[in-house]
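Report on the structure given below.
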Amino acid sequence: MAPSLKSTPEADGNSNKDGKSPDVNWEEMGFSLIPTDYMYVMKCAIGENFPQGSLIPYGNIELSPCSGILNYGQGLFEGLKAYRKEDGRILLFRPDQNALRMKSGAERLCMPSPTAEQFVDAVKQTVLANERWVPPFGKGSLYVRPLLMGSGGSLGLGPAPEYTFLVYASPVGSYHKRLKSLNLVVEEKHHRASHGGTGGIKTVANYSPVLNALTRAKAQGFCEVLFLDAATGKYIDEASACNVFSVKGNSIITPPIHGTILPGVTRKSVIEIAQTLGYQVEERPVALDELLDADEAFCTGTAVVVTSIGSVTHQGRRAEYKTQADTVCQKLRETLTGIQMGRLEDTMGWMVEVN
């Protein structure tokens, strides 16, 4: 049974489609859902290719109780942002990379996926349809969330008979609002991913298992969790939803993409920027003891961008790191956000203008 896609009053929130500026306090905006005007949807049966989709009013969807996404977690999501330049034009950051990552994840979960061209076009259409919700220059971004899910119903375990690709958007501010750095605690009870598992794809099933550890960490006054590798418990993996980097002198080190680490688009971009700035970047296993002895540490991700780690606590030992304005993290963040918002020349060819 395919999902019924329709707009409902409760889903429309404070959205009005009269073309006027939305009633949003851009200065106080955090990272939470603000319903916009439209979303993009297309669907296909298993064994077929996705046809051309269409824009519909933003609203709730109905799913079969035995849909693949609800029963077996057959779903993926992506996250990317649209930025408004000072001259009013709107830019997307490397949407092709999100498209390729979704395709890789779809293959792992036995799902058809949109082509890269379809993915990027759907994102562009969604941004244009919600253009008035793109924050003013320097006030935030429009977070775009593409979803791919097994929407068809099947009682037995197996690929769903039908699939839905859906894109919605919300204006957002800082993920960790008013925090200049993050305080992490090492999680030893639970693991985020294991070799041969799904840690390297952006499946929906990766995220609810971290909530227990994250909730416990926040109750203790920490804002994030650092997971260790499931095989030995000696090497760092990721935080709950972002990649982790360590800095020692002129060297920047981060765990390699080997199946348990999500290939973050921001991660990849920061590595390329760091190399152009003359830093020595290594992708290799990072022992927890090595991280605790680092000069700096930081997280990367679409939501957190590039954010300093102020401390990591493990079994009562608290390692603190540099978080001043002249840190490696700050240089990388300024360069990345400068490119994303059009303040710096895009010599990498990363930005895609939404026409």
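Side chains are part of it too, since the values below use all heavy atoms of this structure and drop only hydrogens, waters and symmetry mates.
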(message) So for atom OH, which belongs to Tyr235, do other residues, nucleotides or ligands contribute more than 12 heavy atoms lying within a distance under 6.0 Å?
(response)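 Incorrect, the count does not exceed 12.
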Margin query: Take a 6.0 Å sphere around CD of Glu86 and say whether it holds more than 12 heavy atoms from other residues, nucleotides or ligands.
Written below: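 No, because the 6.0 Å sphere around CD of Glu86 holds 12 heavy atoms or fewer from other groups.
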Using side-chain heavy atoms (C-beta onward) and a distance below 4.5 Å, is [X] in contact with [Y]?
X      : Y      : answer
Asn49  : Pro112 : no
Leu80  : Pro146 : yes
Arg333 : Leu336 : no
Asn243 : Thr266 : no
Arg101 : Pro263 : yes
Val167 : Phe165 : yes
Phe245 : Cys329 : no
Met348 : Thr276 : yes

Q.
Going by the rule side-chain contact (heavy atoms from CB on, under 4.5 Å), which residues pair with Ser104 if we only count those two or more places apart in sequence or in a different chain?
A.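 Checked Ser104 against side-chain contact (heavy atoms from CB on, under 4.5 Å); zero matches.
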ask   = Looking at residues at least two apart in the chain, or sitting in another chain, which of them share a side-chain contact (heavy atoms from CB on, under 4.5 Å) with Gln324?
value =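 Per chain and number, Gln324 pairs via side-chain contact (heavy atoms from CB on, under 4.5 Å) with Lys322, Asp326, Thr327.
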task: Can you run down the side chain to side chain donor-acceptor pair (under 3.5 Å) pairs that involve residues 277-292, sequence neighbours left out, and say none if there aren't any?
output: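 Residue pairs passing side chain to side chain donor-acceptor pair (under 3.5 Å), neighbours aside: Arg267-Glu283, Glu282-Arg284, Arg284-Glu290.
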Pairing donors with acceptors under 3.5 angstrom, does anything connect the side chains of [X] and [Y]?
X      : Y      : result
Gln74  : Tyr163 : yes
Ser308 : Thr323 : no
Lys81  : Gln340 : no

Donor-acceptor contacts under 3.5 Å from residues 299-306 side chains, at least two apart:
| residue | atom | partner | partner atom | Å |
| --- | --- | --- | --- | --- |
| Thr302 | OG1 | Gly79 | O | 3.2 |

Problem - ring pair (Phe, Tyr, Trp, His ring centres under 6.0 Å): pairs with one or both residues in residues 59-117, sequence neighbours excluded - result: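 Matches after skipping sequence neighbours: Phe77-Tyr207, Phe93-Trp350.
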Notebook entry, point to check: Which pairs pass ring pair (Phe, Tyr, Trp, His ring centres under 6.0 Å) with one or both residues in residues 313-335, sequence neighbours excluded?
Noted result: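 Pairs touching residues 313-335 that pass the test: none.
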Counting only pairs under 3.5 Å, give me each side-chain donor-acceptor contact of residues 191-198, with atom names and distances, residues two or more places apart or in other chains.
| residue | atom | partner | partner atom | Å |
| --- | --- | --- | --- | --- |
| His191 | ND1 | Leu228 | O | 3.2 |
| Arg192 | NE | Asp237 | OD2 | 2.8 |
| Arg192 | NH2 | Asp237 | OD2 | 3.4 |
| Arg192 | NH2 | Thr260 | O | 2.0 |
| Thr198 | OG1 | Asn206 | OD1 | 3.0 |

Original post:
Going through the distances and angles, do Glu78 and Lys202 end up as a side-chain contact (heavy atoms from CB on, under 4.5 Å)?
Top reply: CA-CA 7 Å; Glu78 282 294 328; Lys202 204 166 176 64; 4.1 Å; yes
Can you pull out every salt bridge (Lys or Arg N to Asp or Glu O under 4.0 Å) where at least one residue sits in [range]? Sequence neighbours excluded, please.
range            : result
residues 136-158 : Glu27-Lys139
residues 105-130 : Lys103-Glu107
residues 211-226 : Glu187-Arg216

Quiz item: What distance separates Asn130 CG from Ile34 CD1, expressed to the nearest 0.5 Å?
Solution: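 Nearest 0.5 Å value for the CG-CD1 distance: 12.0 Å.
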- Task: To the nearest 0.5 angstrom, please state how far the CZ atom of Arg94 sits from the CE atom of Met351.
- Result: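 Atom-to-atom, Arg94:CZ and Met351:CE are 10.5 Å apart.
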Next item on the list: Under the salt bridge (charged side-chain N to carboxylate O under 4.0 Å, His left out) rule, what do Glu162 and Lys43 come out as? Steps first, then yes or no, please.
Entry: CA-CA 7 Å; Glu162 192 169 65; Lys43 53 190 175 182; 5.3 Å; no
### Query
Tracing side-chain links under 4.5 Å among I, L, V, M, F, W and Y, which residues wind up in one group with Ile261?
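Reading the cluster by chain and number, Ile261 sits alongside Ile257.
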*Identified side chain to side chain contact (heavy atoms under 4.5 Å, CB included) counterpart of Leu277 within the set Ile252, Thr335, Val328*: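 Only one of Ile252, Thr335, Val328 forms a side chain to side chain contact (heavy atoms under 4.5 Å, CB included) with Leu277, namely Thr335.
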Original post:
With sequence neighbours excluded, what pairs up with Gln220 under the side-chain hydrogen bond (donor to acceptor under 3.5 Å, both in side chains) test?
Top reply: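 Scan of Gln220 (side-chain hydrogen bond (donor to acceptor under 3.5 Å, both in side chains), adjacent residues dropped) gives none.
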Q. Tyr175 vs Phe31 aromatic rings, parallel, tilted or perpendicular, using cut-offs 30° and 60°?
A.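 The rings of Tyr175 and Phe31 stand perpendicular, inter-plane angle above 60°.
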Working note: Lys331 + Glu296, criterion salt bridge (charged side-chain N to carboxylate O under 4.0 Å, His left out); need CA distance, chi angles, decisive distance, verdict.
CA-CA 13 Å; Lys331 292 174 185 175; Glu296 285 183 52; over 6 Å; no
Checklist entry - Can you check side-chain contact (heavy atoms from CB on, under 4.5 Å) on Leu92 and Val354, steps first, answer last? => result CA-CA 7 Å; Leu92 289 169; Val354 178; 3.7 Å; yes
